[in-house]
There are 2 protein chains.
Amino acid sequence: MTSPGYDPAAYPPFAVTVDLVVLTLRGGVLHVLLVERGAQPWLGHWALPGGFVRPEESLDAAAARELAEETGVRDVPGHLEQLGSYGDPDRDPRMRVVSVAYLALAPDLPEPVAGTDAARAAWVPVADAQRRPLAFDHDRLLADGLERARAKLEYSPLAAAFCGPELTVADLRQVYEAVWGRALDPRNFHRKVTGVPGLLVETGRTRSEGRGRPATLYRLGDVRTLHPPITRD
Amino acid sequence: MTSPGYDPAAYPPFAVTVDLVVLTLRGGVLHVLLVERGAQPWLGHWALPGGFVRPEESLDAAAARELAEETGVRDVPGHLEQLGSYGDPDRDPRMRVVSVAYLALAPDLPEPVAGTDAARAAWVPVADAQRRPLAFDHDRLLADGLERARAKLEYSPLAAAFCGPELTVADLRQVYEAVWGRALDPRNFHRKVTGVPGLLVETGRTRSEGRGRPATLYRLGDVRTLHPPITRD
DNA sequence: GCTTATTCGCGTCAGGACGACGATAAAACC
DNA sequence: GGTTTTATCGTCGTCCTGACGCGAATAAGC
């Protein structure tokens, strides 16, 4: 709530940024979008992409804009949601910064383009990204984003955000296996996914991936929550 | 992430506040803490309590400080977690404000004290609070906080945050019924709650509420997640 | 063409959790 | 003592689960 007696001297202004945890699937492996910092502090370290919120844009709009800029794709398909805010007083030595983190899930995208403030940008396997120390508190942002994604796969159709508009049951299963880091029984997974009413709509066509029986092609239905959920235990 | 070429003219500063959705149980009815605004804008309207984040405190610390100030209790027992951030450009006509919302769950507390910037403060039944238009975008904050609380009761021991250190199964059930707004079968609820390993630890004593058989008194165990969950369907 | 490997999709089975509800236990109230 | 109230335990049929067998439909090798 905004106090009526706002005194700019007593409450110095904050800088507000958005940081993005962008996840995608490349060759069955979960990747996260990272940029290499080209300036102090944390010069040379890998960091999550992000930037300042502009005066006239909402937080969601700022996240969407940054996502498009950093991936080089105009309208990024997939999913974008707020993750949380991180504003410890010493997270940036230069000034007081509050960062609003966003989680993005996208299908496989082309190689990213480095922004003006980054030396380079790349898709990094999540396992590698978690091994190296990231800039600022981005280790925690990444961990929180991963946990959010893992939890949401259980009760939402969000796994489809990693796929194109038409997908097979095996596509979905590959997403779950990559995000959860665990193999799933193809037969039980097939039963559960096709058992959620309204989740998958048959297109009538099939897709052959080379070897094996062709898989039925589905479009995503309009359900928002999975009943019953796909549990991880 | 923070750009090296930060230009204060290009990126005017933001005010950062914390707003609190404080829920408690009073007489079996879910209440939320509201304050009546004593200044423009939204003078005379009810709003969620909150205030500015100070230069040297973290977001969590600011939320805890405001919670203590607005309730008048030094160390508020219960639970406090971040809900999300709300920063639409026009949410406050005076300046660009980003508000970090927090959700607090507390046992029954004394009547609140009005802060300096509020005409008065009161516990308001949630059903009443949702009927009147709250200041700023606080309708949405309240709705989001309620949904978060309802969802978290399913898979976390958070319902105990509404109770004291010693509680009965009926106490817990009353929390679930008040938050979900739905009657639950006492027998099935008892089986489910006592069936979660490590959730409830017997104290060996009982508590009599007047009529009826005395209930076993429990302390909360140290489980973080409920396996299996208490579902609402 | 025939076999083999591979993937897809369906079916079976036992175990566990569910909602609905009957039955018993231990207190207060009349 | 009898009734009411609340707590706790038990039963039953249904549904979801993981483990796993099996046929169907394709590509690759011979």
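Numbered from 1 within each chain, the chains take letters A, B, ... in sequence-line order.
When the nucleotides dC20(D), dT8(D), dA27(C) are ranked by their closest atom to the side chain of Asp185(A), dC20(D) comes out on top. When the nucleotides dT8(D), dC16(D), dC18(C) are ranked by their closest atom to the side chain of Pro228(B), dC18(C) comes out on top. Nearest nucleotide to the side chain of Thr231(A), out of dT17(D), dG9(C), dG19(C): dT17(D). For His190(B), counting side-chain heavy atoms from C-beta on, the closest listed nucleotide (dT11(D), dC9(D), dG18(D)) is dC9(D).
Nucleic acid contact for Arg173(A): sugar-phosphate only, since backbone atoms but no base atoms lie under 4.0 Å from a heavy atom of the residue. Looking at heavy-atom distances under 4.0 Å, Arg213(A) makes contact with a base. Across all strands, Thr216(B) comes closer than 4.0 Å only to sugar-phosphate atoms, never to a base (heavy-atom distances).
Ring-plane geometry between Phe136(A) and His138(A) is classed as tilted, the angle between the planes lying from 30 to 60 degrees on a 0 to 90 degree scale.
Contact check on Glu111(A) versus Arg120(A) returns no salt bridge, with no Lys/Arg side-chain nitrogen under 4.0 Å from an Asp/Glu carboxylate oxygen. Arg207(B) has no carboxylate O lying under 4.0 Å from a charged side-chain N of Glu166(B), or vice versa, which leaves the two without a salt bridge. Classification of Glu147(B) and Arg140(B) as a salt-bridged pair fails, no side-chain N sitting under 4.0 Å from a carboxylate O.
If you measure from atom CG of Asp171(A) to atom C1' of dC8(C), you get 13 Å, rounded to the nearest angstrom. For the pair Leu172(B) CG and dT8(D) P, the interatomic distance rounds to 12 Å; values are reported in whole Å. Between the P atom of dT7(C) and the CD atom of Glu177(A) lies a distance of 12 Å, rounded to the nearest Å. In this structure, CZ of Arg191(B) is placed 14 Å from P of dC12(D), rounded to the nearest angstrom. The CD atom of Gln174(B) sits 11 Å away from the P atom of dT6(D) (whole-angstrom rounding). To the nearest angstrom, C1' of dG19(C) lies 10 Å from CZ of Arg187(B). Taking atom CG on Asp233(B) and atom C1' on dC15(D), their separation rounds to 11 Å, with Å as the unit. Look at NZ on Lys192(A): it is 11 Å from P on dC16(D), rounded to the nearest Å.
Comparing Gly212(A) and Asn188(A) along DNA chain C, the residue whose closest nucleotide (by nearest heavy atom) sits nearer the 5' end is Gly212(A).
Taking 4.0 angstrom as the limit, Arg211(B) places a side-chain polar atom (N or O) nearer than this to OP1 or OP2 of dT6(D).
A donor atom on one side chain and an acceptor atom on the other are not found under 3.5 Å apart for Tyr86(A) and Asp19(A).
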